[in-house]
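Hydrogens, waters and symmetry mates play no part in the numbers below; they use all other heavy atoms, side chains included. As the structure is a computational prediction, the values presented were derived from the model and not from experiment.
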Amino acid sequence: MQKNFWKALGPGIIWAAAAIGVSHLVQSTRAGADYGFQLVGVVILANFLKYPFFQYGSRYAIATGESLIDGYRRMGKWVVALFLLLTVGTMFTIQAAVTSVTVGLLSSVLQPSLSYIQTTVLLLVICGVIVLIGHFKTLDRVIKIVVVILSLSTLTALVAAFSKTDIQTITHNQVPFEFSVGNVAFLIALVGWMPSAIDISVWSSLWTLAKIKASGYRPSLKESLMDFNIGYIGTTLLSLAFLGLGALVMFHSGESFANGGVQFSNQLLSLYTRSIGEWSYPILAIAAIATMFSTTLTVLDAYPRVLTPVFEVFTHKVEGQKNQQRLQLLWIAILISGAVALISFFAEQMKLLVDIATTLSFITAPVLAVLNLKAVTSPHVPDEFKPSKFLRLFSWFGIVILTAFAGYFLWMKTAL
């Protein structure tokens with residue numbers, strides 16, 4: 001069992017690497033910096049409510065040997081078309097948002113002679129080469145190393161921050177949360193990618209199938225869900241860790257975050273090191289860069305991996321490894337071009353770009369949640385692989401809550 005589990009371990013870690021990024025480093029940190037510990041419950045609730053919909057990606061892949069895209073196709077081509085519309089509507093913004101934060105950190109820490117846009121192109125090309133040449137095995141190995149580095153460095157920084165900060169002072173200075181337009185807009189942006197956009201449940205199903213193909217081992221449902229749960233629990237804990245760092249180090253610091261990526265990164269790292277100690281700079285820099293590099297890499301791998309089977313639904317199956325690689329290269333080139341164009345336009349508005357991306361993900365979340373639930377409870381899925389009655393009821397509860405908040409946000413934006 002233990003030997004087989006190690007064969008199964010991987011897709012859940014890659015999922016975590018995709019999830020741990022902007023939502024953690026930027027949004028969770030901002031939540032702590034602006035509101036202290038008041039939004040801890042919101043972060044826990046968001047992770048709790050979205051859990052079933054992310055889990056269904058791995059569950060469906062193990063149950064059927066298909067990706068969630070195949071599950072959508074079984075419901076009708078219009079469902080795949082809807083998913084494609086949601087994907088194309090968000091993918092450039094999401095890739096641009098995670099890349100913008102990564103480049104901001106790299107520019108802040110390494111201070112390269114290249115311009116911001118040149119660094120952006122170089123980073124995306126490097127990630128693209130890793131995806132194209134290494135395929136899943138390289139992605140699997142690289143991400144596992146990065147996630148270990150990220151976890152250890154983040155926890156080290158959190159322990160150091162706790163040892164130097166009086167928590168009672170923070171809680172005493174907290175002002176009760178008000179549901180103003182600005183505060184609600186931030187809540188939506190925070191929850192939109194907490195722990196991530198529901199889109200990546202589809203990515204998870206594809207990574208699960210890629211792992212089976214690469215390893216030659218098809219794990220049981222129990223092994224696959226254990227792999228996913230390790231990644232999900234770790235992601236949740238790290239989101240709380242980053243919120244804690246924001247609260248312990250930045251709350252009532254008298255500074256507000258800049259909009260630009262480089263300036264934001266400079267502020268983030270300088271505030272941490274001033275409060276924790278100069279010795280912590282390398283640890284914090286490694287944690288931040290590892291966080292965002294892993295996200296940038298996995299997002300650039302995921303969208304081409306998703307778009308190819310979607311493309312096949314409306315045309316024909318792409319035969320031959322060379323043709324598949326050419327199509328993958330085309331998707332990567334399109335994704336990089338769109339992301340670079342957006343980053344050029346929002347070069348000094350990194351926070352705005354992040355908020356747009358996370359808000360779009362929040363608004364589309366209920367639709368994808370319903371599709372995932374319908375896919376995993378379809379008649380062709382064996383009964384022993386379907387979610388329990390409790391998990392189904394909890395899923396509908398989550399869908400109602402997500403829909404209500406999305407509707408409330410849209411009403412606020414139009415009415416006020």
Side-chain angles (χ1 to χ4, degrees), residues 1-19 54-74 127-148 200-232 234 294 297-313 317-329 331-332 372 375-376 378 380-386:
M1 171 67 182
Q2 187 177 12
K3 183 180 179 181
N4 289 341
F5 169 70
W6 287 110
K7 288 181 182 179
L9 186 67
I13 306 302
I14 296 174
W15 180 93
F54 289 118
Q55 191 231 65
Y56 292 158
S58 299
R59 181 184 288 271
Y60 185 86
I62 292 298
T64 64
E66 300 175 346
S67 73
L68 274 174
I69 295 169
D70 296 304
Y72 298 162
R73 177 181 53 79
R74 288 175 178 271
C127 290
V129 169
I130 293 173
V131 170
L132 285 169
I133 295 178
H135 304 296
F136 182 82
K137 284 186 177 179
T138 302
L139 179 72
D140 192 20
R141 293 186 187 122
V142 169
I143 290 303
K144 284 176 182 174
I145 295 169
V146 169
V147 167
V148 170
I200 72 170
S201 57
V202 177
W203 310 356
S204 179
S205 68
L206 289 162
W207 285 324
T208 299
L209 296 178
K211 177 69 175 183
I212 292 171
K213 183 179 179 180
S215 66
Y217 174 72
R218 183 166 180 168
S220 65
L221 179 62
K222 182 178 179 181
E223 290 167 341
S224 181
L225 293 185
M226 188 181 297
D227 166 57
F228 175 77
N229 289 337
I230 288 172
Y232 201 88
S294 67
L297 177 61
T298 49
V299 170
L300 193 65
D301 172 85
Y303 278 119
R305 195 181 289 275
V306 165
L307 289 169
T308 295
V310 169
F311 176 81
E312 291 175 341
V313 169
K317 186 169 178 60
V318 180
E319 301 289 350
Q321 187 174 359
K322 284 189 176 179
N323 288 332
Q324 290 178 348
Q325 287 178 336
R326 288 193 188 110
L327 187 57
Q328 185 185 30
L329 176 60
W331 295 134
I332 289 175
N372 287 2
V376 84
S378 297
H380 69 279
V381 176
D383 289 341
E384 62 269 25
F385 290 96
K386 290 180 179 178

**Student:** Classify the angle between the aromatic ring planes of His380 and Tyr60 as parallel (below 30°), tilted (30 to 60°) or perpendicular (above 60°).
**Tutor:** perpendicular
**Student:** For residues Gly57 and Ser205, report the shortest heavy-atom separation together with the two atoms involved.
**Tutor:** O-CB, 3.3 Å
**Student:** Answer yes if the side chains of Tyr72 and Asn372 hold a donor-acceptor pair under 3.5 Å, and no otherwise.
**Tutor:** yes
**Student:** For the rings on Trp331 and Tyr303, is their centre-to-centre separation under 6.0 Å?
**Tutor:** no
**Student:** Return the minimal non-hydrogen interatomic distance between Arg218 and Gly65, and the atom names on each side.
**Tutor:** NH2-N, 3.3 Å
**Student:** Could you give the distance from CG (Leu225) to CZ (Arg59), rounded to the nearest 0.5 Å?
**Tutor:** 5.5 Å
**Student:** Roughly how far, to the nearest 0.5 Å, is CZ of Phe385 from OG of Ser220?
**Tutor:** 8.5 Å
**Student:** Can you tell me how far apart OG (Ser201) and OH (Tyr56) are? Round to the nearest 0.5 Å.
**Tutor:** 11.0 Å
**Student:** Run through Asp70, Leu68, Ile69, Val202 and flag the one making a side-chain contact (heavy atoms from CB on, under 4.5 Å) with Pro309.
**Tutor:** Ile69
**Student:** Please evaluate residues Arg305 and Asp301 with respect to the criterion salt bridge (Lys or Arg N to Asp or Glu O under 4.0 Å), reporting the C-alpha separation (whole Å), side-chain torsions for both, the decisive distance (0.1 Å), and the verdict.
**Tutor:** CA-CA 6 Å; Arg305 195 181 289 275; Asp301 172 85; 2.9 Å; yes
**Student:** Fit a plane to each ring of Trp203 and Trp207, take the angle between them on a 0 to 90° scale, and name the class: parallel (under 30°), tilted (30 to 60°) or perpendicular (over 60°).
**Tutor:** perpendicular
**Student:** Quick one: CG on Leu206 to CD1 on Ile14, what's the gap to the nearest 0.5 Å?
**Tutor:** 11.5 Å
**Student:** Rounded to the nearest 0.5 Å, what's the gap from OG on Ser67 to CZ on Arg73? Could you check?
**Tutor:** 8.5 Å
**Student:** For the pair Val376 and Gln55, evaluate side chain to side chain contact (heavy atoms under 4.5 Å, CB included) and give the outcome as yes or no after the intermediate values.
**Tutor:** CA-CA 10 Å; Val376 84; Gln55 191 231 65; over 6 Å; no
**Student:** Looking only at heavy atoms, which two atoms of Gln325 and Leu132 are closest? And how far apart?
**Tutor:** O-CD2, 4.4 Å
**Student:** Say whether, by atom type as modelled, one donor and one acceptor occur between the side chain of Ser224 and the main chain of Leu221 under 3.5 angstrom.
**Tutor:** no
**Student:** Testing the basics here: between Lys386 and Val381, what is the closest heavy-atom pair and its distance to 0.1 Å?
**Tutor:** CE-O, 2.9 Å
**Student:** Are the side chains of Leu329 and Pro304 in touch, meaning some heavy atoms are under 4.5 Å apart?
**Tutor:** no
**Student:** Quick one: pull up CD in Glu223 and CD1 in Ile62 and give me the separation to the nearest 0.5 Å.
**Tutor:** 8.5 Å
**Student:** Looking at every heavy atom in both Asp227 and Gly12, which two are closest together, and how far apart are they?
**Tutor:** OD2-N, 2.7 Å
**Student:** How close do Pro219 and Ile212 get, heavy atom to heavy atom, and via which atoms?
**Tutor:** CD-CG1, 3.9 Å
